Amino acid sequence: MGLKDLHLKLKAFRLRRFRIGNGGSRKRENGIKKKPSWMMPISHGYHVVEHKSFRGSSDESDCDSVVVQREQIKELELWFFGVFDHRIGDEVTKYMQSHFFDKKPKESQINRKTKETMRKAYLGARAKVREAQKEDEALQAGSASVILINGEKLVTANLGGYRAVVCRDGVAHQMSSKHHAGARRHWTRRLFPVRILVCDSSNAAAIRHPKSSELVVGAEKVDAETEFIIIASTGIWEVMKNQEAVNLIRHLVDPQEAAECLTKEALSRMSKSNISCVIIRFD
């Protein structure tokens with residue numbers, strides 16, 4: 001299958017697509033483990049609000065990075081989605097590329113390797129930022145990413161005020177340090193203290209989550225109730241709750257329209273932090 005690199009840079013943000021393949025028509029069927037990867041229908045949209053539209057600044061260096069990457073490893077299809085703070089985005093994506101995607105792990109190792117590599121990528125990026133900005137340790141940076149394995153399993157990482165929220169049958173589910181322990185879905189979590197930089201260091205309002213200084217990495221299955229995933233930055237989550245965001249866009253079939261709707265609502269609520277999101281819909 002042909003792969004290509006596509007780099008798209010807009011005024012106030014960067015969308016990077018690495019090795020995007022051709023995902024044709026697909027159809028999901030439950031109960032069959034060995035399905036060709038192109039049988040899972042997935043669509044996505046993204047939107048990042050330009051800095052100058054709400055801060056009076058056109059500086060592109062402080063913008064978030066939105067990443068969409070598709071990889072084919074034998075019969076496995078892997079999607080990597082992320083919304084990254086500009087200070088750690090490059091480090092995370094480069095690490096994932098060199099230590100995971102380029103190595104093409106065996107199918108039997110995918111589940112373990114995905115969580116392990118994601119965790120190391122975030123911790124490495126965090127360490128480099130902290131080393132470079134020792135005087136500003138009190139500030140925080142954030143990023144959130146999702147790896148979708150064959151349309152059947154999600155591996156997510158949330159750091160700082162950025163996070164991924166899954167909608168199942170209309171209900172918002174977020175992986176966090178106090179995620180429902182008695183739920184029927186089992187989560188694997190590793191928590192680490194974090195104190196690093198946020199995109200807009202001049203904006204004290206961005207730090208509103210007293211327990212956001214954690215790295216949370218976990219995995220769960222995609223089932224018939226899974227409708228869509230929201231990956232978003234602090235600017236969205238500081239002005240609306242998880243369920244509010246889900247309710248706002250659930251009726252929108254087009255993920256691009258949903259992403260734009262979500263960011264527009266954050267703006268209307270006077271959010272002052274970076275506003276960016278990716279919507280992944282299971283069709």
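Nothing fancy with the numbering, it's 1 onward along the sequence. Predicted model, so just to flag it, every value in this text is computed and none were measured.
When all heavy atoms of Ile231 and Ser145 are compared, the pair lying nearest together is CG2-N, 4.5 Å. Scanning both residues, Ile229 and Ala164, for their nearest heavy atoms gives CG2-CB, 4.5 Å. Counting all heavy atoms, side chain and backbone alike, Ser276 lies closest to Ile236 at O-CD1, 3.8 Å. Contact between Val165 and Ala172 at its shortest, heavy atoms only, is CG1-CB, 3.8 Å. The heavy-atom pair separating Glu238 from Ser273 by the smallest distance is OE1-OG, 3.1 Å. Contact detail for Ile42 and Asp283: the closest heavy-atom pair is C-OD2, 4.0 Å.
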(Q) For a side-chain contact (heavy atoms from CB on, under 4.5 Å) check, start with the C-alpha distance between Phe101 and Leu78, then their side-chain angles and the critical distance, and finish with the verdict. (A) CA-CA 9 Å; Phe101 295 115; Leu78 303 176; 4.3 Å; yes
Which is it for Ser143 and Tyr122 under the side-chain contact (heavy atoms from CB on, under 4.5 Å) test, yes or no, and what are the steps along the way? CA-CA 9 Å; Ser143 293; Tyr122 273 82; 3.8 Å; yes
- [ ] Dump the intermediate steps for side-chain contact (heavy atoms from CB on, under 4.5 Å) on Lys115 and Met118, then the final yes or no.
- [x] CA-CA 5 Å; Lys115 290 184 291 185; Met118 187 100 79; 5.8 Å; no
Practice item. Carefully, step by step, assess Ser233 and Asn274 under the rule side-chain hydrogen bond (donor to acceptor under 3.5 Å, both in side chains). Key: CA-CA 7 Å; Ser233 63; Asn274 280 17; over 6 Å; no
message: With side-chain contact (heavy atoms from CB on, under 4.5 Å) as the criterion, how do Leu123 and Leu215 come out once you've worked through the C-alpha distance, each side chain's angles and the decisive distance to 0.1 Å?
response: CA-CA 8 Å; Leu123 292 177; Leu215 170 60; 3.8 Å; yes
Query - Derivation of the salt bridge (charged side-chain N to carboxylate O under 4.0 Å, His left out) call for Arg281 and Glu227 - result: CA-CA 6 Å; Arg281 180 169 283 279; Glu227 299 178 32; 5.0 Å; no
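The side-chain heavy atoms of Phe228 and Pro255, taken from C-beta on, include no pair separated by under 4.5 Å. No side-chain heavy atom of Phe80 sits less than 4.5 Å from a side-chain heavy atom of Val68. With contacts defined as side-chain heavy-atom distances shorter than 4.5 Å, the pair Tyr46/Ile279 does not qualify. Contact annotation: the side chain of Leu148 never approaches that of Lys153 to less than 4.5 Å [non-hydrogen atoms, C-beta and beyond]. In this structure, the side chains of Leu248 and Cys261 come closer than 4.5 Å at one or more pairs of heavy atoms. At least one side-chain heavy atom of Arg112 sits under 4.5 Å from a side-chain heavy atom of Gln109. Using a 4.5 Å heavy-atom threshold, the side chains of Trp79 and Val146 count as separate. Counting heavy atoms from C-beta on, the side chains of Val278 and Ile280 come closer than 4.5 Å.
When atom types are taken as modelled, the side chain of Ser271 and the backbone of Gly235 share a donor-acceptor pair closer than 3.5 angstrom. A distance-only check finds a donor-acceptor pair linking the side chain of Asn150 to the backbone of Glu77 [under 3.5 Å]. Using modelled atom types, no side-chain atom of Glu116 and backbone atom of Lys113 make a donor-acceptor pair closer than 3.5 Å. For Thr226 (side chain) and Val222 (main-chain N/O), no donor-acceptor pair under 3.5 Å exists by modelled atom type. Between the Thr263 side chain and the Val48 main chain, no donor and acceptor come within less than 3.5 Å of each other. Under a 3.5 Å cut-off, the side chain of Gln243 and the backbone N or O of Gly170 do form a donor-acceptor pair. A donor-acceptor contact shorter than 3.5 Å is absent between the side chain of Trp237 and the backbone of Gly161. Although no hydrogens or angles enter the test, the distance criterion places no donor-acceptor pair under 3.5 Å between the side chain of Glu71 and the main chain of Lys104.
Expressed to the nearest 0.5 Å, how far CZ of Arg269 lies from CD1 of Ile275 amounts to 11.5 Å. With rounding to the nearest 0.5 angstrom, the OH atom of Tyr162 is 12.0 Å from the SG atom of Cys277. With rounding to the nearest 0.5 Å, the separation of CD in Glu91 from CG in Asp85 is 12.0 Å. The distance from the CZ atom of Phe282 to the NE2 atom of His44 is 12.5 Å, given to the nearest 0.5 Å. The CD1 atom of Ile249 sits 11.5 Å away from the CD atom of Glu265 when rounded to the nearest 0.5 Å. The CG atom of Leu154 sits 10.5 Å away from atom CD1 of Ile147, with the distance rounded to the nearest 0.5 Å.
Salt-bridge annotation for Lys221 and Glu152: absent, with no side-chain N of the basic residue lying under 4.0 Å from a carboxylate O of the acidic one.
Partners of Glu260 under the salt bridge (Lys or Arg N to Asp or Glu O under 4.0 Å) rule, at least two apart in sequence or in another chain, do not exist in this structure.
Grouping the Ile, Leu, Val, Met, Phe, Trp and Tyr side chains by contacts below 4.5 angstrom, directly or via other members, places Met240 with Leu252. No chain of hydrophobic side-chain contacts below 4.5 Å, direct or via other Ile, Leu, Val, Met, Phe, Trp or Tyr residues, connects Phe100 to Tyr95.
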